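The structure presented is a predicted model; accordingly, all values stated were derived computationally and were not measured. Chain naming here is simple, since letters A, B, ... match the order of the sequence lines and numbering starts at 1 in each.
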Amino acid sequence: MSAHSITEPSNGQKWLAGVLVAAYAIITILPLLWIIATGFKSSPDAIAYPPKVLFQPTLEGYVNLFTTQTRQSAEFLAENPPTTWYEEIVHDKGMVIAGPSRFGERFMNSVIIGFGATFLSVVLGTLAAYAFSRYRVPLKDDLLFFILSTRMMPPIAVAIPIFLMFRNIGLSDTHAGMILLYTAVNLSLAVWLLKGFIDEIPREYEEAALIDGYTRFQAFVKVVLPQATTGIAATAIFCLIFSWNEYAFAVLLTSGTAQTAPPFIPTIIGVGGQDWPAVAAGATIFLVPVMVFTILLRKHLLRGITFGAVRK
Amino acid sequence: MAEISIRNLRKEFGAFTAVQGSTFTIADGEFFMLLGPSGCGKTTTLRMIAGLELPTSGEIWIDGEEVGRKPASQRDIAFVFQMFALYPHMNVRRNISYPLVSQGMPRARVREKVDEVARILGLEHLLDRPVGGLSGGDRQRVALGRAIVRNPKCFLMDEPLGALDAEFRERMAEELRALHDRMGATTVYVTHDQLEAMQMGDKIVVMNHGVVEQFGTPQDIYDKPATLFVAEFIGSPPMNFLRFHGHVERGATSVALHRQRFGIPASREPFEGDLVYGVRPEHVRLTDGGEYRGGIVATEYLGTTQIVTLETANGELKARIPADRIARVGESVGLDFNGHTVTLFDAQSGRAIRSELNEGVLSHG
Ligand SMILES: Nc1ncnc2c1ncn2[C@@H]1O[C@H](COP(=O)(O)OP(=O)(O)O)[C@@H](O)[C@H]1O
Ligand SMILES: [Mg+2]
């Protein structure tokens, strides 16, 4: 064997690969850093041209994001000195805090709907995928194709019928309605992804459990599920990313109680034009849950995203 | 412990019939071999006994109870899978204790039993290890541990040594047999390796294309094959088949093969037509004289014996003879056979003609 076999990259090749990966990582992470930085800028800094790389950080954007404010006369401001750090920030601009903004509620809606839909998609998807993988289901191939075909057009193409349907049965602007809708959209992906993963788990494990005295359901829970965690984690992340970021249906179907963060964030209007630091602050906070979720499931992911190709 | 009885057991997968009405009985405490070439329906038969596959028709009796429709979890049997199927997310201890946990046995008692089984199998030092890093032999022992830990009525093993290296196989085969002799539980063991079956089994069933060809002790199966298939499948090199056209009378003790008469065990039925004279290589003798001759085309030296391949008027033939007999390729030698060990077969159907030798062994006719 020569020193430079196909399977063992040379140092030069490793170095080149490292540089390419680093360059790609920087390119993808740059917009993210920009958004995060903008959240800590003052309004003038945020729209300065050329853009400021170095600036005086401020929490103004975050305060504006979480509060509603009113302008007050100089006398009123003098008589009511600020008592907290955030009151001080708005005080300096001649404003007082009138109350909390709606961002907290909208964010909570996103959490409930996003994680709710993800949970439901993964539970239903796992059960369906298991059945498709292990049982003799009549018309199995046709059913699987039908399930996949629901994703062959953009979901928004059916927006009008769904809008009318939701209005008629009272699901408009409800958490339940949005969870159902996102689950319906996610389910085909979930079933297909998970079926692939479950197909790869040898049946002998379940059969061993059956012989060892367990029921089919116990075997499923205790033997199949632990081995499907990779697939379940990958599927959950895909489902969460979709339901978390979904914008079009959210605009169309929610306006009040069940409105999620994506349609809300662009509507944050400051004094005298769009309040970019507040929008950027909202976007930054909005990123956190998906990132945390992904990092928590990271150890399952490497194998998951490659769809089992890296196994063993 | 239990007797297992299979009656007209049949399994169809769509239009394909994997098992075509098997019938046999495995006595309590027997080490029973299910032998046959790959794809003949051994695994399917075993899975039906285990309850992992529903029979299309027929009955399975375990310990006096018909269990054909009972779920696997209620049959009280243990199954050792071909690839072991150890639970990959559990360590050795949890793997072995898993069947006890399902019975709701108290923890302390489970610990005790697992420790005992680990001692029997020499696994004590591995109990806390994940199963992933174990060698083939150790995985095999863990799989056995999981099987014996709860004293099931019987053990079913699907080619349990198939995944092991050759050197390990020998040793595990001995351990398995020793374990069986110690526990005395009925064991059904699937293999495609005739040597393994002969070495380890009390009884053997030989299957081919989903059909039971013969059922009996290793000696009976070797000495008194019921069909051409069995005669060819068992033994290495296999039985020689000299094909000829002729007839045998009831009570005849010889047949005419190429103008020469050769001995057979006294026939118990008359037959006329295409026949096969079946003789094992060790029952072929080389003589200096003799009418019936063969030309040596190859020799294979095996230490104490040698295998000589000859070309005869009725086809190729192998003889196992002492190693000190000088045999040269190209040499022409006379041939003789130990007639009382011979089996005659009906060339068309492949069944053995009944004789003094094999009557009482053959299940058909
Ligand atoms: N689930 C199944 N569906 C269809 N055919 C099967 C199935 N299981 C086994 N077979 C077929 O049945 C025959 C016997 O298989 P098997 O019992 O596994 O053979 P063996 O264990 O003797 O090698 C094979 O031809 C196999 O392809
Ligand atoms: Mg098999």
Side-chain angles (χ1 to χ4, degrees), chain A residues 126 130-131 133-142 194 196-236 297-304 306-312, chain B residues 13-14 43 46-54 70-90 94-105 110 131-133 139 142-160 163:
Chain A
T126 309
Y130 181 72
S133 175
R134 296 296 199 254
Y135 290 96
R136 227 167 287 145
V137 180
L139 298 179
K140 182 190 281 188
D141 293 343
D142 303 288
L194 285 164
F197 282 103
I198 292 175
D199 280 346
E200 274 197 24
I201 303 172
R203 281 158 189 257
E204 277 82 6
Y205 294 130
E206 286 145 86
E207 292 176 347
L210 292 183
I211 300 263
D212 283 349
Y214 293 88
T215 63
R216 231 199 207 273
F217 187 72
Q218 285 172 322
F220 171 72
V221 172
K222 294 192 175 162
V223 177
V224 179
L225 282 189
Q227 294 190 71
T229 45
T230 303
I232 291 174
T235 309
L297 297 184
R298 186 185 44 191
K299 72 174 194 302
H300 301 293
L301 253 190
L302 178 63
R303 294 198 324 173
T306 51
F307 304 108
V310 196
R311 292 206 155 182
K312 280 165 213 149
Chain B
F13 294 110
T43 298
L46 199 68
R47 287 170 58 85
M48 286 192 283
I49 299 175
L52 296 173
E53 206 85 68
L54 274 183
K70 239 181 162 184
S73 53
Q74 290 169 28
R75 293 194 189 184
D76 192 17
I77 42 106
F79 199 108
V80 177
F81 289 85
Q82 200 159 4
M83 301 305 292
F84 310 146
L86 303 179
Y87 305 118
H89 55 296
M90 302 181 188
R94 282 197 61 208
N95 259 283
I96 298 179
S97 50
Y98 211 55
L100 300 180
V101 173
S102 79
Q103 302 172 349
M105 185 181 280
V110 170
V131 293
R139 280 165 188 251
V142 177
L144 282 175
R146 194 171 66 184
I148 64 178
V149 74
R150 70 194 161 116
N151 290 322
K153 281 185 181 154
C154 56
F155 294 108
L156 309 180
M157 306 188 184
D158 191 359
E159 312 218 11

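Top candidate by heavy-atom pairs under 4.5 Å with chain A, chosen from B/S73, B/G51, B/A72, is B/S73. Highest contact tally toward chain B, considering only A/E207, A/Q218, A/E204, A/R203, is held by A/E207 [criterion: heavy-atom pairs under 4.5 Å].
Closest non-hydrogen pair, A/T126 versus A/I198, comes out as O-CD1, 4.0 Å. Closest approach of B/P99 to B/I96, counting heavy atoms only: CD-O, 3.2 Å.
For the pair A/R134 and A/F220, the cation-pi test (distance below 6.0 Å, angle within 45°) is failed.
Contacts between B/L156 and chain A at a heavy-atom distance below 4.5 Å are absent for every atom of the residue. Heavy-atom distances place no part of B/V149 under 4.5 Å from chain A, backbone and side chain included. Of the two parts of A/A209, the backbone and the side chain both hold a non-hydrogen atom closer than 4.5 Å to a non-hydrogen atom of chain B. Only the backbone of B/A78 comes within contact range of chain A, with heavy atoms under 4.5 Å apart. In this structure, chain A has a heavy atom under 4.5 Å from the side chain of B/R47, while its backbone stays farther away. For B/F79, the parts lying near chain A are the backbone and the side chain together; criterion is any non-hydrogen pair under 4.5 Å.
Residues passing the ring-ring contact (aromatic ring centres under 6.0 Å, His included) test with B/F84, sequence neighbours excluded: none.
In this structure, CG in B/N95 is found 6.5 Å from CE in B/M90, a value given to the nearest 0.5 Å. Atom OG1 in A/T229 sits 10.0 Å away from atom CZ in A/F197 (nearest 0.5 Å).
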